[in-house]
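Below: the structure, in structure tokens.
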Amino acid sequence: MMTKMVFSGFGGQGILTLGELVATMVMHKGKQVTWMPSYGIEMRGGTANCGVVVSDGPIGSPFVLSDLDILCAMNMPSVDKFLPRVRPGGLVLVNSSIVTEPIERHDVTIHAIPATQIAIDVGNPKVANMAMLAGFLTHTDFFGLEDVEQVLHQRFGEKYPKLIPLNLEAVKRGM
């Protein structure tokens, strides 16, 4: 079975990190994974997205262009760009702190996660991606909270150990 997903938002929202963390956790679960970043030249404030493909077997291409199973959108331009590419029955997670317009699509499951507000509530708007990770964790069965803790320690432990408790708090509040 293959699952295609896109994580998208503004540069500086931690979109690429979010996708990388999901890919790493799924890979630790024994799945085949590809992670393909895409971002504008201006980085912070521009657009950023990454495609993640998860499979039980070999993956022929890392590109995720259509028939998405999961969309994780941190802003309205991401909804506008990628929502039409989500297959009927797919899952859409939106940052409802920023995406305030109603989403008119009745053949997908949509979950609104106030990721930016959760991040502000824990004291740092930069961890909105971790609040969105909580939404992903809550609405999929790819991995659990223990996997998130392990990968955060692996990713940030040596260089940025002070970020781990803040990131974990955002994940826990998002759940």
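- Side-chain atoms of Ile120 and Ile118, non-hydrogen and from C-beta on, never get closer than 4.5 Å to each other.
- Within the model, atoms CG of Leu137 and CG of Leu93 stand 11.0 Å from one another, a figure rounded to the nearest 0.5 Å.
- Side-chain atoms of Val94 and Asn75, non-hydrogen and from C-beta on, never get closer than 4.5 Å to each other.
- With hydrogens and angles disregarded, no donor-acceptor distance shorter than 3.5 Å links the side chain of Gln117 to the backbone of Pro114.
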Task: Pair Val92-Thr109, side-chain contact (heavy atoms from CB on, under 4.5 Å): steps then yes or no - done: CA-CA 6 Å; Val92 178; Thr109 301; over 6 Å; no
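- At least one side-chain heavy atom of Phe156 sits under 4.5 Å from a side-chain heavy atom of Thr17.
- A distance of 10.0 Å separates CD1 of Ile103 from OG1 of Thr100, quoted to the nearest 0.5 Å.
- When side chains are defined from C-beta on, Asp147 counts as touching Lys29, because their heavy atoms get closer than 4.5 Å.
- Of the possible donor and acceptor atoms, one in the side chain of Asn95 sits under 3.5 Å from a partner among the backbone N and O of Ala115.
- Note: Glu169 CD to Ile164 CD1 = 14.5 Å, rounded to the nearest 0.5 Å.
- Going from atom CZ of Phe143 over to atom CE of Met27 covers 12.5 Å, rounded to the nearest 0.5 Å.
- Residue Ile15 is grouped with residue Val33 when hydrophobic side chains (ILVMFWY) are merged at heavy-atom distances under 4.5 angstrom, including chains of intermediate members.
- You'll find the side chain of Val122 reaches within 4.5 Å of the side chain of Val127, heavy atoms only.
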Using residues 48-69 as the side-chain source, report each donor-acceptor pair under 3.5 Å to any protein atom, sequence neighbours left out, with the distance given to one decimal.
| unit_1 | atom_1 | unit_2 | atom_2 | d |
| --- | --- | --- | --- | --- |
| Ser55 | OG | Gly57 | N | 3.1 |
| Ser55 | OG | Gly57 | O | 3.1 |
| Asp56 | OD1 | Lys31 | NZ | 2.4 |
| Asp56 | OD2 | Met1 | N | 3.3 |
| Ser61 | OG | Phe63 | N | 3.2 |
| Asp69 | OD1 | Arg87 | NE | 2.5 |
| Asp69 | OD1 | Arg87 | NH2 | 3.4 |
| Asp69 | OD2 | Lys4 | N | 2.7 |

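- In this structure the side chain of Trp35 reaches within 4.5 angstrom of the side chain of Leu16, judged on heavy atoms.
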TODO: For side-chain contact (heavy atoms from CB on, under 4.5 Å), just list the numbers for Met25 and Glu20, CA-CA rounded to whole Å, side-chain angles, deciding distance to a tenth of an Å, and then say yes or no.
DONE: CA-CA 9 Å; Met25 286 182 276; Glu20 180 186 7; over 6 Å; no
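- Formation of a donor-acceptor pair under 3.5 Å by the Arg105 side chain with backbone atoms of Leu83 is found in this model.
- Annotation: the span from Met132 atom CE to Met74 atom CE amounts to 5.0 Å, rounded to 0.5 Å.
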Open item on the list: Using side-chain contact (heavy atoms from CB on, under 4.5 Å), reason through Phe142 and Met5 one step at a time and then give a plain yes or no.
Closed with: CA-CA 12 Å; Phe142 286 105; Met5 53 191 100; 4.0 Å; yes
TODO: Check the pair Leu145 / Lys172 against side-chain contact (heavy atoms from CB on, under 4.5 Å), numbers first and verdict last.
DONE: CA-CA 8 Å; Leu145 183 58; Lys172 289 175 182 174; 4.2 Å; yes
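- To the nearest 0.5 Å, atoms CG (Leu163) and CG (Leu152) are separated by 9.5 Å.
- His139 is linked by a ring pair (Phe, Tyr, Trp, His ring centres under 6.0 Å) to His111, counting only residues two or more places apart in sequence or in another chain.
- Using a 4.5 Å heavy-atom threshold, the side chains of Leu91 and Thr140 count as touching.
- Using a distance-only test at 3.5 Å, with no hydrogens or angles considered, no donor-acceptor pair links the side chain of Ser8 to the main chain of Ser78.
- Side-chain atoms of Ile70 and Phe136, non-hydrogen and from C-beta on, do get closer than 4.5 Å to each other.
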